[in-house]
Structures are given as C-alpha cells and as structure tokens.
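Start at 1 and go down the list; that is how both ligands and their atoms are numbered. We're numbering straight along the sequence, starting at 1.
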Amino acid sequence: MITTTGLTKVYRSRGREVTALDGVDLHVREGEVYGVIGQSGAGKSSLIRCVNLLERPTSGTVTVAGQDLTALAGRGPRAGKELRQARSRIGMVFQHFNLLSSRTVQDNVELPLEILGKSGKERSRKALELLDLVGLADKAKAYPAQLSGGQKQRVGIARALAGDPKVLLSDEATSALDPETTRSILQLLRDLNRQLGLTVLLITHEMDVVKSICDSAALMENGRIVESGTVSELLATPGSQLASALFPVAGEATGDDRTVVDVTFHGEAATQPVISQLSRTYNIDISILGAAIDTVGGLQVGRMRIELPGRYEDNVVPIGFLREQGLQIDVVGQEPVLLVEGAK
Ligand SMILES: Nc1ncnc2c1ncn2[C@@H]1O[C@H](COP(=O)(O)OP(=O)(O)OP(=O)(O)O)[C@@H](O)[C@H]1O
Ligand SMILES: [Mg+2]
C-alpha cells in the first residue's frame with residue numbers, strides 16, 4: 001500500500017544542510033498497522049510528511065496504492081490537481097489535532113469535503129456519519145474548545161477519514177493524551193483499521209503503542225531504517241533492538257565467568273521443563289534472572305533470562321541443546337546468530 005525507495009530528504013536552511021532521511025526503503029502492506037519508532041530527530045515526521053508529499057523528497061520515490069506520488073507536480077499548498085486528489089485519499093492525524101477553533105466540530109470534519117467540492121448536503125451527511133463512527137455524534141455543534149483532548153483527536157480522525165482514504169498517517173496522535181485516553185484512541189484506530197480495511201502508518205516514540213496495535217514496526221536512527229518487520233519476525237530475530245524494547249527482560253549477570261542467555265518462546269510452549277532438563281543433562285546449576293509473559297502484536301510471547309556458570313566457550317553444548325528444542329536463544333553480549341533468513 002505504501003512503498004518508498006531510496007527516500008532522501010535534505011533540509012537546507014541558513015546555509016546549513018540537515019539530512020533528515022537517508023535512503024529509506026519502507027514497505028507497508030495493505031490493511032496493516034505499521035509503527036515507526038525512533039528517538040527525537042531520527043526523521044520520523046520527515047518520513048510521514050514525505051509519504052503524503054507535504055514535503056517534497058530530495059530524492060527517491062513514494063508510491064501509495066500503486067500511484068507514484070513523486071511523479072505528480074507541486075508540493076505543500078502549491079500541489080497540482082492530481083497530487084491534491086491523490087492526497088485526499090491519504091488521511092493525516094496530528095499530535096496537536098490542528099482543528100479550526102472558529103468552526104464547529106461538524107464544520108471541521110466537512111473542511112476536506114469543501115476542498116473536494118462536495119455539495120452542502122453531501123458534506124453534512126458524510127460528516128455526521130463519521131462523527132457517529134468515532135463516537136461523537138452528539139458533539140457535532142460543539143466547538144473544539146469545549147472538547148477534551150481525546151474528543152479533539154476523535155474529530156481529527158473523523159476529518160482525516162472524510163475523503164474515504166485507503167491510508168491513514170498518524171504523527172504522534174496520542175502523545176498529547178493521558179494513558180487512558182491514549183488507549184481509547186489506539187483502540188479506535190485499530191477498529192477503523194479492521195472495519196474499513198484502512199492501512200495505518202503511525203509514528204510514535206512509545207513502545208507501548210507499537211505493542212498494543214501494530215502488526216509491523218520499523219526502528220529509525222539518523223534518517224535510516226535500521227530494523228523492520230512484522231512483530232513476530234522481529235521477536236524471532238536474535239539481537240533485535242525492537243524485540244528487546246517490545247519485550248524487555250530484567251536481570252544482570254551475577255559475576256564474571258557467567259553466561260547470560262535470553263530464551264524466547266512463542267505461544268503455549270513452556271521453558272520450565274526444558275530448563276530443568278538442561279540442568280540435569282549437563283549437571284549445571286542454572287539461575288533464573290528474570291522472566292515475563294506478555295502479549296505482543298496479539299501473540300503470546302514468553303521470555304526468560306537465565307545464567308549458566310562458566311564463559312560462553314564453556315557453554316556451547318548446553319546452548320546448542322536449547323536451540324535444538326526450537327527455542328530462540330540470545331546470548332547476552334555475543335553477536336547474534338542468524339536464524340531467520342534475511343534478518344539483520
Ligand atoms: N523544516 C526543517 N528545516 C530544517 N531542518 C529540519 C526541518 N524539519 C526537520 N528538520 C531536521 O531534520 C531532522 C529530523 O527531524 P524530524 O522532525 O523528522 O524528526 P522526528 O523523528 O520526527 O523527531 P521528534 O520525535 O522530535 O518529532 C532533525 O535533525 C530536524 O532538526
Ligand atoms: Mg516528529
């Protein structure tokens with residue numbers, strides 16, 4: 001649904017150049033919720049603004065629903081007709097809602113329909129239908145100042161859906177909201193994704209957001225995507241930073257001459273019997289430093305951090321035993337072993 005190839009954005013201001021995007025290849029499949037995470041300044045907003053051509057990329061291409069947007073003329077407010085039309089098929093939700101305070105809720109939602117030249121009757125019907133969809137049917141005549149943050153964001157989402165987009169872009173839509181409101185807005189995005197088959201590309205710096213609603217995720221650093229994949233692919237990638245951020249296990253090694261191993265299992269598989277078998281077979285004392293079970297991207301995942309006596313070299317055989325049991329093994333402090341083809 002969204003593909004970027006070699007996307008580069010260089011800002012030039014006051015004789016200084018900042019490379020915000022440095023060759024980004026992004027692939028978002030139809031119907032998925034795709035999260036982009038990264039630290040401040042990583043290039044997340046630049047990416048989303050280039051995807052809908054609010055910013056013109058310095059080089060590279062952006063294709064949305066099969067249409068090469070970079071081939072269409074104009075940018076920003078000077079976009080040509082074709083680009084404006086293509087963009088009306090891409091909804092955008094902002095952190096600070098960007099509602100017009102002098103217009104009612106309904107008139108805010110109607111705004112994109114006015115730009116598309118729809119009749120008054122059609123606009124009103126569509127706006128009321130969308131306000132109902134986001135649970136704000138009773139607020140049509142209210143003004144933004146009379147709404148809570150969560151309600152304002154629901155208006156922002158209704159407005160973003162006015163042009164019947166296939167794609168919804170969201171730049172930190174929940175970062176101005178409290179945790180409970182965040183959850184309800186994320187749930188709304190998830191519901192819209194399922195009900196309307198809407199593809200959602202969202203930017204966040206909160207791992208919990210990715211954990212609760214994303215099917216896939218990418219990690220950005222310095223204008224590049226350094227890791228990406230479906231949540232289950234990421235969890236199965238040894239050494240994945242996203243996987244360990246999505247699913248951290250605590251526990252420090254208790255001393256030198258110790259090997260610390262993270263054991264990850266999916267679904268119903270249990271590690272406990274395997275760990276006792278390991279201990280008996282090799283006659284070693286295994287300490288459990290930490291363990292957790294969680295639901296990530298709708299999958300149940302368990303992770304256990306264990307400690308074996310001796311250095312890594314002394315534990316190659318027991319570690320091999322664990323791998324043979326089909327468990328995913330990450331030896332802390334060792335280069336990851338590639339188990340997934342194509343994984344980094
Ligand atoms: N209009 C601009 N002119 C000049 N530099 C810019 C402009 N917009 C962004 N930048 C720079 O590009 C880099 C990436 O910025 P961007 O806003 O994409 O980051 P971000 O990942 O969204 O960060 P945040 O999490 O803080 O929102 C930063 O170094 C930023 O200072
Ligand atoms: Mg940003």
How about Glu172 and Ser45: do any of their side-chain heavy atoms sit closer than 4.5 Å?
-> no
Give the residue and atom name of whichever protein heavy atom lies nearest to atom 11 (C) of ligand 1, and the separation in Å to one decimal.
-> Val18 CG1, 3.8 Å
Is the closest heavy atom of Gly38 to ligand 1 under 4.0 Å?
-> no
Nearest neighbour in protein (non-hydrogen) for atom 26 (O) of ligand 1 | Ser40 OG, 2.6 Å
For atom 12 (O) of ligand 1, find the nearest protein heavy atom and state the residue, atom name and distance (0.1 Å precision).
-> Ala20 CB, 3.4 Å
Does a side-chain heavy-atom distance below 4.5 Å link Arg154 with Leu188?
-> yes
Where the closest heavy atom to atom 20 (P) of ligand 1 is concerned, which of Met220, Lys44, Glu221 has it?
-> Lys44
Would you check whether Lys9 reaches within less than 4.0 Å of ligand 1, judged by its heavy atoms?
-> no
Is Asp164 salt-bridged to Lys126, going by a charged N under 4.0 Å from an acidic O?
-> yes
Nearest protein heavy-atom contact for atom 9 (C) of ligand 1: which residue, which atom, what distance?
-> Tyr11 CE1, 3.3 Å
Are any N, O or S atoms from Ser45 nearer to the Mg ion (ligand 2) than 2.8 Å?
-> yes
Would a search of protein heavy atoms around atom 1 (N) of ligand 1 find one under 4.0 Å away?
-> yes
Apply side-chain contact (heavy atoms from CB on, under 4.5 Å) to Asp257 and Arg311, showing your working.
-> CA-CA 5 Å; Asp257 223 29; Arg311 288 165 304 149; 3.2 Å; yes
Enumerate the atoms of ligand 1 whose separation from the nearest heavy atom of Gln39 is less than 4.0 angstrom.
-> 21 (O)
Any side-chain heavy-atom pair of Ile319 and Leu308 under 4.5 Å | yes
Evaluate side-chain hydrogen bond (donor to acceptor under 3.5 Å, both in side chains) for Thr3 paired with Thr63, printing each intermediate quantity in order.
-> CA-CA 5 Å; Thr3 301; Thr63 309; 5.7 Å; no
In Å and rounded to the nearest 0.5 Å, what is the CZ to CG distance from Arg123 to Leu116?
-> 11.0 Å
Considering Gly41, Ser45, Ser175, which one's heavy-atom position lies nearest to atom 14 (C) of ligand 1?
-> Gly41
Filtering Ser13, Gly43, Ser46, Gly223 for the heavy atom nearest atom 19 (O) of ligand 1 leaves Gly43
Using atom types as modelled and distance alone, determine if a side-chain donor or acceptor of Glu30 lies under 3.5 Å from a backbone N or O of Leu198.
-> no
